[in-house]
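Here the structure comes first, spelled out in structure tokens, and everything after it is commentary.
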Amino acid sequence: MAESPFFCDHGYFLGDVLKTVRVRFAPSPTGFVHIGGLRTALYNYLFARKHGGAFILRIEDTDRERFVDGATENLISVLEWAGLIPDEGPGSDGAFAPYFQSQRTGLYQEYTRQLLESGAAYYAFDTPQEIEAARQRARQAGNPFMKYNFTIRHEMNNSLNMTAQALQQALDSGKPHVIRLLVPEGRKFEVADEIRGPVVFDSREIDDQVLLKSDGFPTYHLANVVDDHLMEITHVIRGEEWLSSVPKHLLLYESFGWTPPRMAHLPLIFNPDGSKMSKRDIQSLDELPDGKVDPDVASYIRKGYEKTAIINYIALLGWNPGEGDDRQVFDLDELVHAFSLERVNKSAAIFDLKKLQWLNKEHILRRDTAALTAQLQPALQVAGYGEVADDYLARVIALMKERLYFTGDFVKLAGYFFADPLAFDEGAARKRWQADTNDLLAQFAGAIHRLESFTAAAIEEVLRQVAEANNTSGGKLIHPIRLAVTGVSVGPGLFELLELLGKETVLRRLKKSMEIIAKMIA
RNA sequence: GUCCCCAUCGUCUAGGGGUCAGGACUCGGGAUUUUCGAUCCCGCAGCAGGGGUUCGAAUCCCCUUGGGGACACCA
């Protein structure tokens, strides 16, 4: 096993060499960013920041058939939204550019040539039909998963079975072909995974992976190894779905004579029903099947989740600060400080929307009121409440903040701060507005009318006095007043609410409501 | 099927030989005689099973079971 690296503020020591940490997020641009992908990006980012290293975005767009227009732009905008700004990536220049694999094909071909020359790889001319036929034969022989490896490569149409002359001829005639990795029999490959510890693979379990496709583009396996080496990536942090292809990558590093980077394979994130989070689950619009959860980060952005809440939540899905640290709520900076790969869990996690929503609320609570004011001001305009003074809005927000699960709920929940209520909660009206209500409201209105300083404390005092004078409880007044003034039965503390609304508004609304109550009682 | 990974409350997890197995979300209850999806307090609920090792296992080892991943000219 490789010796454990020692980290310092500026990188880490491998042996006695100080290296700058360089990690990459390397998604294929499919047009949407998966929750799991965002977490992978986040862990890479946190690791880079923690160790003073570089966070690199590399676009793995070597599959021309899956090319999606605008996908890269979308990807970058999601990362920016989340605050995970790459230090290098599309648009950067310098020694490591370009960051689109589709623009690096020459490189892969050049390195493939090296493998060909050393005998680590070979040409294969099998047509898809021929491979399918071989697969059929294997199936009939009772082997449902054929491997193109030592078991059959000598029966196939490849350069291992051709004379030099025949090979040259085939190449000259432009016969379509791929380049395959020659996987030796009976080798063991071991990776010291940062999260899982040592994992050993037998080479007989892997196949002669295609490295270069017939269209001249590389496969993931080749491109990822070449680029990670050329870009001087020190730590490959990616999803567990890649763990089983590690031996192929290890063999490639070995064949090139390169030192492989350290590797960390992250646990997967699942639906509540234990299945893999899939884009297919949401394709039939809106309605999510039971037990499924939306994997598309863009959906959460659209629904108005706080970016810090999402980051916080997915960070906790597979990682925790441990060591008696019970914190649940983190912002990005706090995560950077607390994060370490050693504390990433091995087992898969289930995505729990309820906890995300709770965190969303916690993050709204922690947000700066001025920033929220700026954000919500336009929403009020859209909702038709017109111009609202910033300082008034800020006071409303301060009052409403702690009962907001989504900023998007604000207008719906706080409309009565900006316009007189037009409707009144019927159930609450039946319960709270009774025969003696108007009499109490009238007394209360009269009392606050005379109030010089309309403060919460003064209002409360007045209300208690009225209650006492009528030999009744505060609730007998509080509930009807809240309903009369706001139209609803829930909200912040009544006295603060009334103070903020102002005497004039409160009196106006009370008067109007008393008319309604009179009709209702009659 | 083969290889690989994983396994503590419903969920996220702490704990890595001796703990009343801790916290968070959810849920339930209570308090706040002012509501609430707010706040505070309380509670329900867990070491998958079986073998070892040991004076002693949630903790170490093995097996079983269960879950997951990979097995493409996709990443």
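Letters go in sequence order (proteins before strands), and every chain restarts at 1.
- Residue A:S214 is classed as a base contact, given a heavy-atom separation below 4.0 Å to a base.
- Note that NZ of A:K476 and CG of A:D436 are 4.5 Å apart. Values are rounded to the nearest 0.5 Å.
- B:rU11: Watson-Crick or G-U partner is B:rA24, with both key distances under 3.5 Å.
- Across all strands shown, the partner of B:rC40 is B:rG30, judged by Watson-Crick or G-U wobble contacts whose two distances both fall under 3.5 Å.
- One C1' atom belongs to B:rG15, the other to B:rG46, and the distance between them is 13 Å to the nearest Å.
- A sub-4.0 Å separation between OP1 or OP2 of B:rG67 and a side-chain N or O of A:K276 is absent.
- Atom P of nucleotide B:rC6 and atom CZ of A:F270 are separated by 13 Å, given to the nearest angstrom.
- Rounded to whole Å, the separation between the C1' atoms of B:rC12 and B:rG18 comes to 28 Å.
- For the pair A:T62 and B:rA75, the criterion of a side-chain N or O lying under 4.0 Å from OP1 or OP2 is met.
- When the P atom of B:rC3 is taken as reference, atom CG of A:D207 falls 16 Å away, rounded to whole Å.
- Taking the nucleotide of RNA chain B with the nearest heavy atom to each of A:Q328 and A:G474, the more 5' of the two is matched to A:Q328.
- Atom pair A:F410:CZ and B:rA38:P shows a separation of 18 Å (rounding to whole Å applied).
- Distance noted for atom P between B:rA58 and B:rC47: 11 Å (whole Å).
- Between the C1' atoms of B:rC62 and B:rA7, the separation comes to 16 Å (whole Å).
- Across all strands, A:D126 comes closer than 4.0 Å to base atoms (heavy-atom distances).
- Listed candidates were B:rC12, B:rC74, B:rC71. Nearest to the side chain of A:D63 is B:rC74.
- Straight-line distance between the P atoms of B:rA24 and B:rU2: roughly 45 Å, to the nearest whole Å.
- Between A:R343 and B:rA14 there is a side-chain polar atom (N or O) within less than 4.0 angstrom of OP1 or OP2.
- Side-chain contact check for A:N224 versus A:R24: some heavy-atom pair is nearer than 4.5 Å.
- Residue contacts for A:P272: at a heavy-atom cut-off of 4.0 Å it reaches no nucleic acid atom on any strand shown.
- B:rU13 and B:rC9 have their P atoms separated by 11 Å, given to the nearest Å.
- With B:rU2, B:rC5, B:rG1 as the choices, the nucleotide that has an atom nearest any side-chain atom of A:E205 turns out to be B:rU2.
- At the heavy-atom level, A:P492 lies under 4.0 Å from base atoms of the strands shown.
- Searching all strands for a Watson-Crick or G-U wobble partner of B:rG1 with both distances below 3.5 Å returns B:rC71.
- At whole-Å resolution of the value, CZ in A:F330 and P in B:rU13 are 13 Å apart.
- In this structure the side chain of A:R238 reaches within 4.5 angstrom of the side chain of A:M263, judged on heavy atoms.
- At a threshold of 4.0 angstrom between heavy atoms, the contacts of A:R66 include nucleobase atoms, whether or not backbone atoms are also involved.
- Here B:rG37 presents its P atom at 12 Å from CG of A:L413, a figure rounded to the nearest Å.
- Side-chain contact, A:T127 with A:Q129: a donor N or O sits under 3.5 Å from an acceptor N or O.
- Residue A:G318 is classed as a sugar-phosphate contact, given heavy-atom separations below 4.0 Å to backbone atoms only.
- When distances run from any side-chain atom of A:W358 to the nucleotides B:rU26, B:rC5, B:rA75, the shortest one goes to B:rU26.
- When heavy atoms are screened at a 4.0 angstrom cut-off, A:N345 is found touching the sugar-phosphate backbone but no base atom.
- Among the heavy atoms of the strands lying under 4.0 Å from A:P218 are primed sugar atoms or P, OP1, OP2 only; no base atom is included.
- Residue A:G274 is classed as a sugar-phosphate contact, given heavy-atom separations below 4.0 Å to backbone atoms only.
- Residue A:V178 is classed as a base contact, given a heavy-atom separation below 4.0 Å to a base.
- Within the 4.0 Å cut-off from OP1 or OP2 of B:rA70, not a single side-chain nitrogen or oxygen of A:R238 is found.
- Nucleotides B:rU64 and B:rC55 place their P atoms 28 Å apart, quoted to the nearest Å.
- Between A:Y405 and B:rA38, a side-chain N or O to OP1/OP2 separation shorter than 4.0 Å is present.
- When rounded to the nearest whole Å, the span between CD of A:E468 and C1' of B:rU33 equals 15 Å.
- Using a 4.0 Å cut-off, some side-chain N or O of A:R180 falls inside it from OP1 or OP2 of B:rC73.
- Within the 4.5 Å cutoff, the side chain of A:P492 has heavy atoms near those of the A:F417 side chain.
- Listed pair A:K248 / B:rC4 fails the phosphate criterion, with no side-chain N or O lying under 4.0 Å from OP1 or OP2.
- Only the C1' atoms considered, B:rG52 is 15 Å distant from B:rU59, to the nearest whole Å.
- The phosphate of B:rA75 has OP1 or OP2 within less than 4.0 Å of a side-chain N or O from A:K213.
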